[in-house]
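Every heavy atom of this structure was used, including side-chain atoms; hydrogens, water molecules and symmetry mates were not. All figures in this text were calculated on a predicted structure; none of them were measured in a lab.
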Amino acid sequence: MITWNNLDTLASYKELFNLDKVNLKEAMSGENGAERVKNYSIPMAEGLSYNFAAKQVDDKILEALKKLAEEAQLTEKFEALYNGEVINTGEKRRVLHHLTRGQLGNAVEADGTDKRAFYTEQQRKIAEFAGKVHAGEITNGAGEKFTTVVQIGIGGSDLGPRAMYLALENWAKKNGLFKMEAKFISNVDPDDAAAVLASIDVAHSVFILVSKSGTTLETLTNESFVKDALVNAGLNPSKHMVAVTSETSPLAKSDDYLAAFFMDDYIGGRYSSTSAVGGAVLSLAFGPEVFAQFLDGAAAADKTAVNKDVWQNPAMLDALIGVYERNVLGYPSTAVLPYSQALSRFPAHLQQLDMESNGKSVNRFGEPVEYVTGPLIFGEPGTNGQHSFYQLLHQGTDIVPLQFIGFRKNQMDTDVVIQGSTSQQKLCANVAAQIMAFACGKEDENRNKNFEGGRPSSIIIGGQLTPGAMGALLAHFENKVMFQGFLWNLNSFDQEGVQLGKVLAKRVLAHETEGALKVFSDFLDI
């Protein structure tokens with residue numbers, strides 16, 4: 001029997017406050033630190049590993065966190081989710097993004113359909129379409145091959161797929177698997193669409209419109225922008241447009257599109273990269289075989305998240321440590337710091353994933369909670385971030401937990417030796433140095449040069465960023481956010497917080513305003 005209780009009602013949570021806090025500086029110094037690095041590491045899927053040696057935990061705290069996971073019934077709640085129970089209480093929906101990459105439990109039927117079969121059928125259709133585009137069987141109106149794919153979407157229809165494309169672009173080029181360049185239009189700011197259109201040959205471009213409802217204001221506005229550009233170029237838009245939408249949307253059976261691929265209400269936008277939302281653009285860009293490898297990596301990570309042993313479940317352990325930092329140690333934010341240029345937009349995706357999921361102040365029953373919930377997420381790739389905001393991370397008044405991501409090998413297999421080491425070695429040296437600098441600091445009589453240390457971090461380490469590794473990395477964070485939502489007793493799968501601004505914007509455009517809203521509208525010449 002699953003019970004959904006607030007975090008502060010759990011006995012194991014209260015016990016955490018009675019445990020001694022870890023002096024991270026001492027713990028990570030000398031031989032103690034060396035042993036921690038060896039022992040506080042667990043394997044992940046696709047050859048990745050999660051090392052939490054530089055976190056403010058010890059064996060007693062970890063044992064207490066394990067009890068918390070058991071009392072909060074984390075594995076049971078995940079099992080209920082992937083077996084199709086209605087976990088999204090706000091919208092009374094199932095949560096089925098895991099089914100886009102594998103069957104973890106029982107068959108799930110909804111809307112009279114086996115949902116795993118539904119998702120795999122969409123993947124089959126996308127693969128067939130992409131194959132025909134690559135072979136020149138589906139062409140533009142002049143019978144010429146498409147060379148560019150442009151995704152039109154916003155939020156989860158943009159951030160995840162864009163981050164995944166950028167993550168794998170160089171890998172695909174190096175391995176001879178790069179099929180088509182991909183571009184993305186998201187912002188309703190006309191400069192966004194105009195800049196993308198100016199950078200491509202529209203006559204040889206296919207555009208993917210992504211809108212579950214078929215009514216998203218920004219996306220439909222940008223679609224009109226693109227269609228105008230196609231018409232002005234003497235082209236028929238219906239020969240250049242593809243839709244990713246729901247079967248019930250007005251786009252589903254429209255003659256305005258070469259093809260339509262379907263998603264459904266059981267997959268939230270920020271969890272949709274492994275659905276048709278990411279599948280269409282990634283399959284066109286790299287080929288369906290590469291997208292399949294990406295899905296396999298995500299499925300492998302999902303299987304580790306099922307494990308009831310927290311020491312074999314990296315997503316759960318990561319989530320538990322994060323809740324300890326947020327609720328016991330009182331740290332308000334987390335920085336995501338990938339030491340890989342390919343992951344340049346991954347922090348932006350994780351920002352939406354985490355903050356839209358767990359940025360809630362009421363529990364899954366709509367009752368106010370009396371503890372803090374989701375942290376503020378930000379980040380940039382290293383080493384760029386070191387020359388940007390690391391000053392605050394090292395010497396600021398707030399302690400910010402850090403999530404490093406690093407790979408032993410770069411994607412392009414090209415490098416140069418400068419001053420006795422390669423660029424990749426310099427990159428890896430920097431991430432190792434930063435972990436220890438944050439943890440141990442440096443004493444100096446000049447207070448301006450003193451580093452207090454005690455700044456916690458973890459690192460996910462891999463061999464190389466491949467499609468499988470990227471899928472595993474994505475699923476790890478999706479599952480981490482899910483487990484944290486369970487601990488906080490939140491509904492991590494709706495996003496009512498984005499709705500009010502949309503409603504007011506429609507009122508402004510309809511000139512149905514008064515008071516301060518009218519004055520702001522007048523200031524902006526609306």
Do Met263 and Ile267 have side chains that approach each other closer than 4.5 Å (heavy atoms only, starting at C-beta)? no
Does a sphere of radius 6.0 Å around NZ in Lys60 hold more than 12 heavy atoms from other residues, nucleotides or ligands, not counting ones at 6.0 Å or beyond? no
Counting C-beta onward and ignoring hydrogens, is there a side-chain heavy-atom pair between Met28 and Val37 closer than 4.5 Å? yes
Kindly indicate, with the supporting measurements, whether the criterion salt bridge (charged side-chain N to carboxylate O under 4.0 Å, His left out) is fulfilled by Glu478 and Arg270. CA-CA 9 Å; Glu478 288 180 350; Arg270 57 195 175 277; over 6 Å; no
Looking at side-chain heavy atoms only, is the closest gap between Leu104 and Val306 below 4.5 Å? yes
Sidechain-backbone polar pair: Asp318 side chain, Pro314 backbone, donor-acceptor under 3.5 Å: no
Output field: ring centroids Phe286/Phe294 closer than 6.0 Å: no
What is the distance from atom CG of Leu10 to atom CG of Asn5, rounded to the nearest 0.5 Å? 6.0 Å
For the residue pair His394 and Phe438, does the interplanar ring angle fall in the parallel (under 30°), tilted (30 to 60°) or perpendicular (over 60°) class? parallel
Centre-to-centre under 6.0 Å for Phe493 and Tyr271, is that the case here? yes
Ser357 side chain to Asp354 backbone, donor-acceptor under 3.5 Å: no
For Phe483, is the NZ or CZ atom of Lys480 found under 6.0 angstrom from the centre of its six-membered ring and inside 45 degrees of the ring axis? no
Lys/Arg-Asp/Glu bridge criterion (N-O < 4.0 Å) met for Glu496, Lys360: no
Asp296: salt bridge (Lys or Arg N to Asp or Glu O under 4.0 Å) partners, not counting sequence neighbours: none
Nearest heavy atoms of Leu517 and Arg507, plus distance in Å: CD2-NH2, 4.4 Å
Heavy atoms from other residues, nucleotides or ligands near NZ of Lys21 exceed 12 (cutoff 6.0 Å): yes
Counting neighbours of CD on Glu370 that are heavy atoms of other residues, nucleotides or ligands and sit closer than 6.0 Å, is the number greater than 12? no
Start with the C-alpha gap between Phe78 and Phe486, add the side-chain angles, then the distance that decides, and say whether ring pair (Phe, Tyr, Trp, His ring centres under 6.0 Å) holds. CA-CA 9 Å; Phe78 184 28; Phe486 289 160; 7.5 Å; no
Of all heavy-atom pairs between Leu24 and Arg36, which one has the smallest distance, and what is that distance? CD1-NH2, 4.5 Å
Grab the two heavy atoms, one from Lys115 and one from Leu99, that are nearest each other, plus how far apart they are. CB-CD1, 3.8 Å
Verify the neighbour count for atom CD of Glu367: are there more than 12 heavy atoms of other residues, nucleotides or ligands below 6.0 Å? yes
Are the side chain of Asn313 and the backbone N or O of Ala305 linked by a donor-acceptor pair below 3.5 Å? yes
Inspect the surroundings of NZ in Lys303 and state if more than 12 heavy atoms from other residues, nucleotides or ligands are less than 6.0 Å away. no
Pro161 vs Val277 side-chain heavy atoms within contact, under 4.5 Å: yes
